[in-house]
Each structure stands twice: as C-alpha cells, then as structure tokens.
Protein chains: 2
Amino acid sequence: MGATKTDHFSEEQNKLAVMMKALGHPARIAIMEHLISVDSCICGDLVNVLPLAQPTVSQHLKELKNAGLIKGNIEGTAICYCVDKDAIAELQRYLANTTLQLEHKEKSCC
Amino acid sequence: MGATKTDHFSEEQNKLAVMMKALGHPARIAIMEHLISVDSCICGDLVNVLPLAQPTVSQHLKELKNAGLIKGNIEGTAICYCVDKDAIAELQRYLANTTLQLEHKEKSCC
DNA sequence: ATACTATATTGCAATATTACGATATAATGC
DNA sequence: GCATTATATCGTAATATTGCAATATAGTAT
C-alpha cells in the first residue's frame with residue numbers, strides 16, 4: 001500500500017500527472033516563472049531568488065527535469081537550465097481542449 | 001523539516017501549485033476526464049470506472065474538491081460531482097499566458 | 001423499523017516528498 | 001598543485017500521500 005497504481009492508468013494520464021505533479025509545488029512554480037522571465041536561461045541566481053537552501057533548489061530542478069518540463073546543459077562554467085517549450089505547449093493544449101469540452105456542455109447541476 | 005514552505009511564496013503561486021498538485025495523480029486525471037466526458041454530472045459510477053476501492057476514490061474526490069477543481073452537491077439520492085469550469089479556465093489562462101511568453105523569447109540555449 | 005444502497009470517515013501500514021547539513025564533484029583562476 | 005565557486009549527491013528527520021479494510025452516515029424502499 002502507499003504506492004501509486006501507475007500501471008492501472010493510461011500512458012497519457014500518467015504523463016500528464018507527472019507534469020502536473022512537478023508543478024504542484026510553489027517553489028517549482030516559482031522556478032518555472034523565473035526561468036521564463038529571465039531571457040537568458042543561465043540561472044545560477046535561482047538560489048538567491050528562492051527562499052530555499054541550495055540542495056533543495058537543486059532537488060526541485062531535478063524533479064522538473066525528470067518530469068520533462070525543463071532542460072539542463074553544462075555550459076562551461078555555469079549550468080544552463082531552461083524551460084522545455086514543447087512540454088509546456090503540450091500541457092497548454094490539453095487544458096485548452098478540456099476548456100473547449102467544458103464549453104460544449106449543456107448544464108452543470110452544481 | 002519536511003513541510004512545504006508555503007508562506008514564502010506568493011498567494012498565486014500557492015494556489016496554482018495546489019491545483020496542479022491535485023491533478024498530479026493519474027487517478028485524479030482520470031476522474032476529471034470522466035466527469036467531463038459524462039454530460040450529466042451525477043457520478044456514482046466512478047468507483048466502477050476506476051481501478052481503486054471506494055474509499056480511495058472518495059478520498060481523491062475530496063482532494064479535487066479541496067483544490068477547488070470540482071464541486072459537489074448532495075442531490076437527493078445520489079451525490080453530484082462536477083468540474084468547476086472557472087478553476088479549469090484559470091489554469092488554462094495561466095498556461096496560455098506562459099506559452100505566449102515563451103514564444104516571445106529569442107533563443108533557448110538548451 | 002429494517003434492509004439496502006451509496007458515499008464518507010477513521011485508522012493504519014507502505015511509500016513518497018520536502019528540506020537541509022554535510023560532503024562530493026567539476027570547472028576556473030592563481 | 002591549492003583555493004574558489006557553482007552545482008549535485010548523500011543521508012536523514014519531519015511530514016505528506018496513497019490505498020484500503022472496517023466502520024459510520026444518510027438516503028430510499030419495503
């Protein structure tokens with residue numbers, strides 16, 4: 001008990017859930033927002049921007065990377081992290097489609 | 001240690017994270033999809049549709065409700081759950097805006 | 001009132017997440 | 001080489017999530 005029953009759901013449902021889960025923490029929302037706002041994607045300043053210790057930030061970055069939401073490269077001296085546009089676009093499409101489906105619905109009883 | 005540092009982030013970041021987190025589980029994605037696909041929003045069939053026991057489904061529904069993603073009413077004999085369109089629309093707007101911002105970015109180094 | 005049906009709550013075990021100090025790694029500059 | 005700087009990993013404590021059996025609650029039907 002306790003482990004998510006991943007294999008009982010569709011590939012797409014799991015992939016979406018992984019991405020959503022990665023965004024399901026305010027620090028990771030903040031990281032994404034910062035990565036987007038800074039035009040250059042070198043981001044050694046993340047630790048200064050966030051109210052979290054360096055190992056914690058590093059861990060959050062890793063999770064975002066595992067979820068496919070950001071990409072990271074070693075760029076000589078600094079590390080370069082940046083948003084994966086395709087992943088965000090995929091999420092966006094899913095929600096746009098969901099919104100569309102909802103608009104076509106007649107009546108909500110709630 | 002171990003508790004999320006909610007108070008160090010903005011209200012908006014936290015609210016978004018709560019919604020994303022609620023969608024960060026395949027069962028809850030499946031629940032949302034089912035609620036959307038079924039036009040009537042009475043959903044006593046959720047337990048039959050999902051590969052989870054009744055208490056587990058009930059708990060997931062509670063979490064979606066706490067996150068503001070669904071609404072629930074007692075409707076005479078059955079319980080009526082349905083998607084909160086406004087919440088989905090909010091999420092969708094956020095992601096649409098994010099996508100827009102990304103499109104305006106010059107170059108990614110990754 | 002009793003039985004039946006549907007949903008919620010409780011309690012608990014297994015697992016996962018969050019956070020960070022300490023430490024490791026890797027590149028740069030001297 | 002050694003110090004400095006930046007990021008990652010390890011280890012671990014605190015907390016949260018997941019899942020379900022057992023039980024409670026609330027409505028309908030007889």
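It should be emphasised that the depicted structure is a prediction, and the values quoted were computed from it without experimental measurement. Letters A, B, ... mirror the listed sequences (proteins, then strands); counts begin at 1.
The side chain of B/T56 contributes an N or O atom lying less than 4.0 Å from OP1 or OP2 of D/dC20. The phosphate of D/dA6 (OP1 or OP2) has no side-chain N or O of A/Y81 nearer than 4.0 angstrom. The phosphate of C/dA19 has OP1 or OP2 within less than 4.0 Å of a side-chain N or O from A/H60.
Taking atom CZ of A/F9 as the reference point, atom P of D/dT18 lies 11 Å away to the nearest angstrom. Following rounding to the nearest Å, B/I31 (CD1) and D/dT18 (P) show an atom-to-atom distance of 11 Å. In this structure, the NE2 atom of A/H8 is 16 Å from the P atom of D/dT18, given to the nearest Å. Here the C1' atom of nucleotide D/dT7 and the CG atom of A/L50 are 15 Å apart, to the nearest Å. For A/N66 and D/dT9, the CG to P distance is 10 Å, given to the nearest whole Å. D/dA16 atom P lies 15 Å from atom NZ of B/K62, rounded to whole Å. Between the CG atom of B/L61 and the C1' atom of C/dA6 there is a distance of 13 Å, given to the nearest Å.
When distances are taken from the side chain of A/S58 to each of D/dA22, C/dG21, D/dA8, the shortest belongs to D/dA8. Here the side chain of A/E63 is nearest to one of C/dA19, D/dG19, C/dT18, namely C/dT18. The side chain of A/H25 lies closest to C/dA19 when the candidates are D/dC20, D/dT18, C/dA19. Set against D/dG19, D/dA21, C/dA19, the side chain of B/P55 has D/dA21 as its closest nucleotide.
For the pair A/K21 and A/Q59, both in contact range of DNA chain D, the more 5′-proximal nearest nucleotide belongs to A/Q59.
Nearest heavy-atom pair across A/L102 and B/V83 is CD1-CG1, 3.8 Å. When every heavy atom of B/Y81 is checked against every heavy atom of B/L35, the shortest pair comes out as O-CD2, 3.7 Å. Nearest approach of B/P26 to A/N14, heavy atoms of both residues: CG-OD1, 3.2 Å. In this structure, B/M19 and B/L69 approach most closely via the heavy-atom pair O-CD1, 3.7 Å.
Side chain A/Q54 to base D/dA6: no donor-acceptor pair is found below 3.5 Å.
Relative ring orientation between A/H25 and B/F9 is described as perpendicular, the plane-to-plane angle rising above 60° on a 0-90° scale split at 30° and 60°.
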